[in-house]
Amino acid sequence: MLDESIQELAAGALQRIAMAGTAEELEAVRVEVLGRKGGALAEISKGMGKLSPDERKRIGAVLNQAKQEIETALDARKATFEAVALAAKLDSEWLDLTVPAPGPRRGHLHPITRIQRELEDLFVSLGFAVLDGPEVEDEYHNFDALNIPADHPARDMQDTFWLSGGNLLRTHTSPVQVRGMERLKLPLRMIAPGRVFRNESVDASHEHTFYQLEGMMIDRNVSVAHLLYFMKTLLTAVFQRDVTVRLRPGYFPFVEPGFELDIQCLICGGPGCPVCKQSGWVELLPCGLVNPHVLRQSGIDPDEFGGFAFGLGLTRLVMMRYSIDDIRQLQGGDLRFLEQF
Amino acid sequence: MKFSYNWIREFVPGLTQAAGPLERLITMKTAECEGIEETGALLGNAQVVLVESVEPIAGSHNVKTQIDAGPLGKRTVVCGAPNCRAGMHAVWTPIGKKVVSGVESDGMLASASELGISRDHAGILEVDTIAGLVPDAAIEIDNKSITHRPDLWGHHGMAREVAAILGLPLTDPAKLELLPEGPAAIQVMIEDYALCPRYSALVFDNVTVGPSPLWLQYRLTSIGLNPINNIVDLTNFLMAELAQPMHAFDADLLHGDTIFVRTAKAGEHFRALNDESYTLDAANLVIADAAGPIALAGVIGGGESAISDKTTRVVLESANFQASSIRKTSAGIKLRTDASMRFEKAQDPLNTVRALARAVELLPLVSPGIRLVGGVADACGPLAAPPVIELSLAWLARKLGRTLASGEVRRILESLAFTVADMDADTFLVTVPSWRATKDVGIKDDLVEEVGRMIGYDSITPEAPLAPVAPPPANPARRMQHDVRNLFVDNGYTEVYNYSFLSEADVRAFGMDPNDHLRVLNPIAEGQELMRSSLLPGIWNNVKENLKYRDSFRIFEIGQEIHPNETGLPSEVPHLIAAVYDRKETGLFELKRMAECLLPGAQTKPAQGREYEHPARAAEIHWRGELVGRLFELHPRMMETGRAAILDVNLARIAELGEAPTKYTPIRRQPSSAFDLSVVMVNRQHAGDVRSAIAEYANPLIESTNYLWEFALPDGKKSVSYRITVGSPERTLPSEEIMAIRADIIAILRELNYELKV
Ligand SMILES: [Zn+2]
């Protein structure tokens, strides 16, 4: 009789659990059936005191089993509800990841900075120091110490901006050579990238403000062959391919002999095209062995030490690298230009 | 400078290379060629013809002519020249048939200009023969590449290079034996041989002045010179041939029979051939007669003694002047002439009489009947002996980086007219020719170039030097600038470069005084006369330009501020300037964050706005106790639309302060505690002041004070909340101790008249 009641109760509970639509309904079943006070099973166990010990033990087991069945069903059903609730919550957190991320995009380094850094890194890896010199120079460092005295016609080669107070805007980065020889111990290897100025009218291919990279090596027994080696190494790195170079005579008072270095045209590879004016070669940089007058001027004994120097037109290189057609863009501050680099 | 190919070939008779290949050889061995220009191309097929008949063409100013082209037969040619008439001899060029003014014209009757002989295009050339006039090519050499070579400013010098390059013999046009002996018809007095090492002259009479023969006009025209008259043309011809500038005076217009070479008297006037008047001073060297200056030495002749069609007697000057004196005068009066350009390269004093000898040969060809009067007037100071250079072959090989046969070195030097003698097995004694000795070649290094260029630099194999491996000295200032660039680029800023020049208006816009700026004495354009002492005007301009295309952007620049000093070089101070522009929002807090990323622990202290700054939005940036920069919004007056926030940081100052040393402290094992405080303050009180007050309390148990939020209260007040975190590395703080700290802080803040909600 008691068995039947328990089984009936259990069956009823299991059915209600199965039918429960919400966590609250489920909880109601739990309280009604399993509640410690007033729960249906608790009520039944209250009446067990009247039973014989054997019977009590048997009914107790039946009661326990019914309780466990109901609890298991409750837990399972509860887990289902929780899973559904979590799924619904997660679903409500749907994000449109195609919407742009907030905050600024990465900015852009100036193209001259980019190339200049590449070259700085390259030369540092070859053991060259990177030096800075002033943009406003004195006549001594810009001209005299470089074997260009006041009445030298070579001064015409570099139209100079003169400043109040008698100084000038450096016309090349070569004065940093002189400052390097004054400052560094021998032997020395140095480069000096920087801004230079020439009093020239501005158009698509001419600027009064542009960038050069000066380089110098002073050591015992420096030869033209060494200069060629460094220039080839430099240009192979710059153009990221094997380049053919040639030297021809060029006149710069601070070197002797002086050269113009040409590279074989990278566009046509030699046969001639509009870029190289059909010559197959593109003039790239002036260089040479340091003139002994320049060494002596800086207190270096030319019988003991010699060196080479070169001046790379950074601005020109940047224009070649990116095929920039108007030099004025570089200092125009136009984001539509700058954001391309 | 332009060189006539045919002219060069006169001195190098064995020359077979055409102008094109020759140009490339010259470029590789001597000087840079800028191109080749065909000259006199039409002369190739031109011939002299008889104009047999001329008849008008109705409705046209052109005429129809019948010409007799000899073996080619008779042709009909339409001609528009005013001087076209029957019976004349003209030059016909078969350039094909075409209909002109309704008549089929076969070829063309050519003007001297069309033929390339001169610039005369007033009519067709009337001439009996054009024998010897053949097409030529002008090779243009970059003047810069011959700055050091006085000899290459004449064809004979270039011909010597060509002969040396090709191993061909060179002829010499100057025959010194033609110079007349005996006393000169004019005297020369040189005041200072340093300024005028040599002055040579010849006098001619029975001169006829008129147009030059066609061969002479053609030579000058093909190298870009303008034929004037036979005497002047010949002086120009000699200059172009021998690099010796010459000048001809009308002898009858000179006062006295002595030519003085002296410095000008202060204030002395001189009217030149170009009709300009110059006021001279003692820095100018003049050629003078008894009455005054007749030429500005080495630069330009005088107007009063110029050759005219009335001239019958000529004094021909062939002189040598100090290069720097000519250069100074020419620069001083801003007049560069073909003569001054050559003299400033330091010409060879031995060349004066060579040019006179050549004149003696050629003048009778251009002015028939001309007669020499007397011998050569030749005043000459002591001339320096040509330098002799010891050249070690082993040293030479080391410099070039390749081995050399001594015979080859000797051959090269001798082909360039150096004299080579043996000193010992390894050493040559090399004597420099006079025309290379004035400035160009003086030391053994100069000979490296002579040998190197002639053997060809392409014969040298690149070779890595043997050098010790050593890390180069660091450049921390530059490293830091690169790091700053990375920081800003990574945070969305794009780098701009601006010019170093500013206008007076630019600096005034930012409250600066133009007189505090370094001034460019020869600015390239108006508005570029001051050196920037601030990067602000530049970035302001960038903002104004870019807002035309963008609603929002971030830019920065790193550049030098230039501040003049009393003496010596100005101070160049690297600065960072960054700008955030937005049509609506302020970028100040974004830039404040950038300042704090760049300078950890930087403090932003409110500052009085300057006139170009938003008066209520300006602050100073302090770092490690020093003022290092400024943060502000531009005054709305400076912006037509939108807001521009600016951060300006002195990078030199930061570099001086250096990086703070990194110090590690172990992670605290004891838990920290925190409590929040809400402070009521009036709206314009700074939230940062509460933090500063707590910082001043300096209780070592306070780990941090963080601003949480604020909200507005009625009556112009606001409530600002802070979270104070306290803790100790050694122990867990008991709550009484935490409460005591809290009470202290409250007391301090109340002392400062803050209202606290507790
Ligand atoms: Zn090409």
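For clarity, every value in this text was computed on a predicted model and none was experimentally measured. Only heavy atoms go into these numbers, but all of them, side chains included; no hydrogens, no water, no symmetry mates.
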Check your understanding: Side chain, backbone, both or neither: which part of B:Ile562 has a heavy atom under 4.5 Å from chain A?
Key -> side chain
Revision key, fill the gap. Under 4.5 Å to a heavy atom of chain A? For B:Glu450 that would be neither
Check your understanding: Quick one: is the NZ or CZ of A:Arg336 closer than 6.0 Å to the six-membered ring centre of B:Tyr549, and within 45° of its axis?
Key -> yes
Practice item. Determine the sole option in B:Asn491, B:Thr494, B:Asp490 for which the side-chain hydrogen bond (donor to acceptor under 3.5 Å, both in side chains) test with A:Arg106 is passed. Key: B:Asp490
Study note, to complete from the structure: To the nearest 0.5 Å, atom CD of B:Glu32 lies from atom CD of A:Glu283 at 4.5 Å
Check your understanding: So what's closer than 4.5 Å to chain A heavy atoms on B:Ile326: side chain, backbone, both or neither?
Key -> neither
**Study point:** Salt-bridge criterion met for B:Lys144 and A:Glu260 (N-O under 4.0 Å)
**Key:** no
Exercise for review: Name the region of B:Asn486, side chain, backbone, both or neither, that has any atom closer than 4.5 Å to a heavy atom of chain A.
Suggested key: both
Review point. Most heavy-atom pairs under 4.5 angstrom with chain B, which of A:Thr209, A:Leu126, A:Val224, A:Leu228?
Key: A:Val224
Exercise for review: Measure B:Thr30 against the heavy atoms of chain A and call it side chain, backbone, both or neither at under 4.5 Å.
Suggested key: backbone
**Study point:** Residue part contacting chain A, namely of B:Lys548, when any heavy atom lies under 4.5 Å
**Key:** neither
**Study point:** CG on B:Asn522 to CG on A:Asp159, rounded to 0.5 Å
**Key:** 9.0 Å
Practice item. Supply the atom-to-atom distance A:Thr113 OG1 to B:Ile558 CD1, rounded to the nearest 0.5 angstrom. Key: 8.0 Å
Review point. Side chain, backbone, both or neither: which part of B:Met341 has an atom under 4.5 Å from a heavy atom of chain A?
Key: neither
Exercise for review: Rounded to the nearest 0.5 Å, what's the gap from CG on A:Leu227 to OH on B:Tyr457? Could you check?
Suggested key: 10.5 Å
Review point. Side chains of B:Tyr499 and A:Glu207: donor-acceptor distance under 3.5 Å anywhere?
Key: yes
Check your understanding: Which region of B:Arg327, side chain (C-beta onward) or backbone (N, CA, C, O), has a non-hydrogen atom less than 4.5 Å from a non-hydrogen atom of chain A, or is it both or neither?
Key -> side chain
